[in-house]
Amino acid sequence: MQKYDPASIEPKWQAAWEGAGTFEAVRDPSKPKYYVLEMFPYPSGNLHIGHVRNYAMGDVVARFKRATGHSVLHPMGWDAFGLPAENAAMERGVHPEAWTRDNIANMKQQFGLLGLSLDWTREFATCDVEYYGQQQALFIDFLEKGLVYRKAATVNWDPVDMTVLANEQVIDGKGWRSDAEVERRELTQWFFKISDFAEDLLTAIDHLDNWPDKVKLMQRNWIGKSQGLKFGFERSDGGDPIEVFTTRPDTLLGASFVGISPDHPLAKELEAGNPEIAAFNVEARKGGTTEEAMETAEKLGFDTGLKVRHPLNPDWELPVWIANFILMGYGTGAIFACPAHDQRDLDFCRKYDLPVIDTFFALGDDTPVTDTAFVPPKTEKVRFVDHFTGLAEVTGQEAIDATIAYAEEEGWGEGLTQFRLRDWGLSRQRYWGCPIPVVYCDTCGVVPEKKENLPIELPKDEGNKPIDFSVPGNPLDRHPTWRHTACPKCDGPATRETDTMDTFVDSSWYYARFTAPRAKTPTLAEDAEYWMNVDQYIGGIEHAILHLLYSRFFARAMEVCGHLPEAAIEPFDALFTQGMVTHAIYQTESADGRKQFHYPEDVELRDGGGYLKDGTEVTIIPSAKMSKSKYNVVNPLDIIGRFGADTARWFVLSDSPPERDVEWTASGAEAAFKHLSRVWSLCDRIDAMDTSAPGDGDEDLLRQMHKTIHDVTMGIETFGFNAAIAKLYAFTNVLSKSKASHGAQRQAIMALAQLMSPMTPHLSEDIWANQGGEGLCAEAPWPVADEAYLIEDSITLPIQINGKRRAEVTVSKDLPKAEIEALVLSQDAVKRALEDRAPKKLIVVPGRIVNVVI
RNA sequence: GCCCGAGUGGCGGAAUGGUAGACGCAGCGGAUUCAAAAUCCGCCGCCGCAAGGCGUGAGAGUUCGAAUCUCUCCUCGGGCACCA
């Protein structure tokens, strides 16, 4: 008897698939197409167990669709620009490109071990000049259509390193390297006009039927459509009015002060003549630019001494404050504060001792606001204290509408639809990204590069020397020659834009590029028509908002420029967001209270606890995100080396539902391997069987087989991979105990191999060949369940008494209701419970359950 | 701070209004073995000798019937625009 040996099986079948070109996507008009895409990886250099899960899922779909007669596109590429390459360059003195290319080579080799059904002929990296050159062409088209523009935006500025920081490089408000307090600073930057599509991006969500509700909700909230009032506060000193937008104009009578951002033009104007204000603004600009940092930072304010007039009462003056929690890039960069009905404003007013005026009360409760603001609900009735609209009991929405109508009538404000969605700032002051193809000319101003001059390549060095990444700042900026060029318009001397593009730009259209990866234009109409849209997109929930929204915007913008057909403006028909692979953390604490982490291989698990070799008990923190510093990272290569790729694939797909996190356990992986060995050795048994006599159990086995075909097919179609695998386990148990004939068993084994093949393709291929299957299992059509076997003649009905299961009865499937009722009432358990009384009610749900109500 | 999601045996989970705990792990008993590993067979929510009772984070509600729907609370996780 042979042993299951994945190390010999897996390379063999990988070579067979490659030789046959099984996974190359071809446009075949005779078949329905299916485009399955997993979010492409960042080439960190090493395959992570999370990758195995993500790509195993996509591969299940791809292989299943291939088997069910589709022409499948399942490509792979690399999201290769980004910060980690520059960090590596800084730390190790390697060039970002060299580092990235090495990583890609490593990861590609590791991906190869997994036996994924990928079309590698379409591979590209976003740092390939052939890719980012086309991205530059897109940028120029967008610019011509008015979809890109420049404006000032806030960045994190490290005053010591004199460099822009990514949010991730800001730790507790300080620069990660310098430890200096980060400031917010304004730079002129490029923006995509995603706000042009805000309404469409929002309403189109309604038609994304195969997206998770969770993601759709997050996108809706992100776009954040709101109706409000825009109006100006007249300044008492006669200066320009301060424009304000509010979604709660109904609380206007509770106004306490007018607040402006430290970056508001007025704040800057005041700064010039008042050193105190200048000093405050510097202080207020400290801290990161994230919404979280803004919202949780300690609230700081400065009374400018200016006054404005309340629009509803010219005699009522409000002070103007500068406040650090007001963001310039949001609305008009100025607000009116209503402390009684907004918690943030309330906190601020309590701190600076500003008045709090109640204008709403909950019905039946006139307690004035103290420490908790009362936000008037929009749809429930509340008591509106001031009666200028003539309404006493109104909903928040009615009050809002009445106030807007009043403002418009009186001519001091206008109703406005505002989106939370801000335009997408794409400029990055970094080297390792796609250069923005724009030139600045003293005579002609901002000029897009001519398309024939594309691609604008990143310089590999600093002219005469290698780029030194340890020097802060952008190497493109200090490059001796790169930025100097001729104006595309007047041919006079000009300078290039030295900012590069956000890496989100790279990933916003790669799915379209996969349809024609070698084209001399961003896309090719014929290929885009055939392959788009992505039928199934799979990736992490962490991309629920930005990447997916940007991609939806890009598809629309590309359609405007003629790079995608109109049908492809919503690029992902179905989306699946998978969970993480987690692993327990093993931790001990030293005498001084310092935490120490331990590698899983150093911990012995017994009696429900974990112990080190010297007997010390470790604390086990289950299901933690894998992190190198916590010593709980599982290397998939170790697993593949020990058990093979099929085991790794089988394990990450079993146990947990795919959208949820799965915890990696060594015992789980081992169990997966044991199971696959068991399936593999079932073949031996068959060969030893008598071939002639049909067995007694044939009917039973075939019934189970068809049920399993049905259940597993359903499971794969609905992303219930864990449930499908459970059915396969159950069927394996049935099969291994079956006394059915050789013929029936052989049929069952072939079906089992095929049903497992999306998950364990190598093993299945081997069984297929051993049992004399025709051609490759990967190219064989999917088995179809015979309906005749799925219908049971008799069914077991559970009997509930008052909703609790107390007995059961087996009846023929078309027994009339009256006879079922009689049968139920004759049951001992039912008689006992009834004690000669008649039941109050008898509910018979045909084919499901009976409930006796007493 | 704001937004979103998840809580079911010792553990991962199944069941999306109809028999709670499928399937797997761990554990227990047995077979095989000189012995062990591997393999195979069986048991396995909790309390109880049993009959029976209890049981899906907590509390309430809707329903003949709730893990599933509604409300309140608790705990954990994710996202928040320059990480990808």
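Treat the numbers as computed from the prediction; the structure is a model and nothing was measured. Reminder, nothing fancy here: chain letters follow the sequence lines and each chain counts from 1.
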Please report the distance separating the [atom1] of [N] from the corresponding atom of [M], rounded so that it comes out in whole Å.
{"N": "B:G53", "M": "B:U63", "atom1": "C1'", "answer": "24 Å"}
{"N": "B:U68", "M": "B:G13", "atom1": "C1'", "answer": "16 Å"}
{"N": "B:C23", "M": "B:C41", "atom1": "P", "answer": "14 Å"}
{"N": "B:G48", "M": "B:C3", "atom1": "C1'", "answer": "49 Å"}
{"N": "B:C64", "M": "B:U75", "atom1": "C1'", "answer": "34 Å"}
{"N": "B:A14", "M": "B:G24", "atom1": "C1'", "answer": "11 Å"}

Applying a 4.0 Å non-hydrogen cut-off, can you work out what [X] is touching in the nucleic acid: base, sugar-phosphate, or nothing?
{"X": "A:Phe504", "result": "base"}
{"X": "A:Pro657", "result": "sugar-phosphate"}
{"X": "A:Lys674", "result": "sugar-phosphate"}
{"X": "A:Gly82", "result": "sugar-phosphate"}

Quiz item: Quick one: are A:Leu676 and A:Phe643 in side-chain contact, heavy atoms under 4.5 Å?
Solution: no
Between [N] and [X], is there an OP1 or OP2 to side-chain N/O distance shorter than 4.0 Å?
{"X": "A:Arg422", "N": "B:A81", "value": "no"}
{"X": "A:Lys737", "N": "B:G42", "value": "yes"}
{"X": "A:Thr503", "N": "B:A84", "value": "yes"}

Select one nucleotide: of [options], the one nearest the side-chain heavy atoms of [X].
{"X": "A:Tyr729", "options": "B:C23, B:C64, B:C82", "answer": "B:C23"}
{"X": "A:Trp222", "options": "B:A84, B:C3, B:C80", "answer": "B:C80"}
{"X": "A:Ile849", "options": "B:U19, B:U39, B:G79", "answer": "B:U19"}
{"X": "A:Asn733", "options": "B:G65, B:C23, B:C82", "answer": "B:C23"}
{"X": "A:Lys841", "options": "B:A81, B:C64, B:G79", "answer": "B:C64"}
{"X": "A:Ala730", "options": "B:C64, B:A84, B:C23", "answer": "B:C23"}
{"X": "A:Val845", "options": "B:G18, B:C80, B:C4", "answer": "B:G18"}
{"X": "A:Tyr550", "options": "B:C40, B:C82, B:C4", "answer": "B:C82"}
{"X": "A:Asn851", "options": "B:G65, B:A84, B:C82", "answer": "B:G65"}
{"X": "A:Arg805", "options": "B:C40, B:U19, B:A14", "answer": "B:U19"}

Exercise. Decide, yes or no, whether a salt bridge links A:Arg428 with A:Asp502 under the criterion of side-chain N to carboxylate O below 4.0 Å.
Key: yes
Quiz item: Centroid-to-centroid, A:Phe40 to A:Tyr510, below 6.0 Å?
Solution: yes
Practice problem: Please state whether the rings of A:Phe81 and A:Tyr132 are parallel, tilted or perpendicular, taking 30° and 60° as the class boundaries. | Solution: tilted
Exercise. First locate atom CZ of A:Arg848, then atom CG of A:Leu797, and finally report the distance between them rounded to the nearest 0.5 Å.
Key: 10.5 Å
Practice problem: For a side chain to side chain donor-acceptor pair (under 3.5 Å) with A:Gln429, tell me which candidate from A:Asn474, A:Thr500, A:Asp499 qualifies. | Solution: A:Asp499
Exercise. Look through every strand shown and name the nucleotide pairing with B:C54 as Watson-Crick or G-U wobble, where both distances are under 3.5 Å.
Key: B:G45
Quiz item: Do A:Gln429 and B:C82 have a side chain to base donor-acceptor pair shorter than 3.5 Å?
Solution: yes
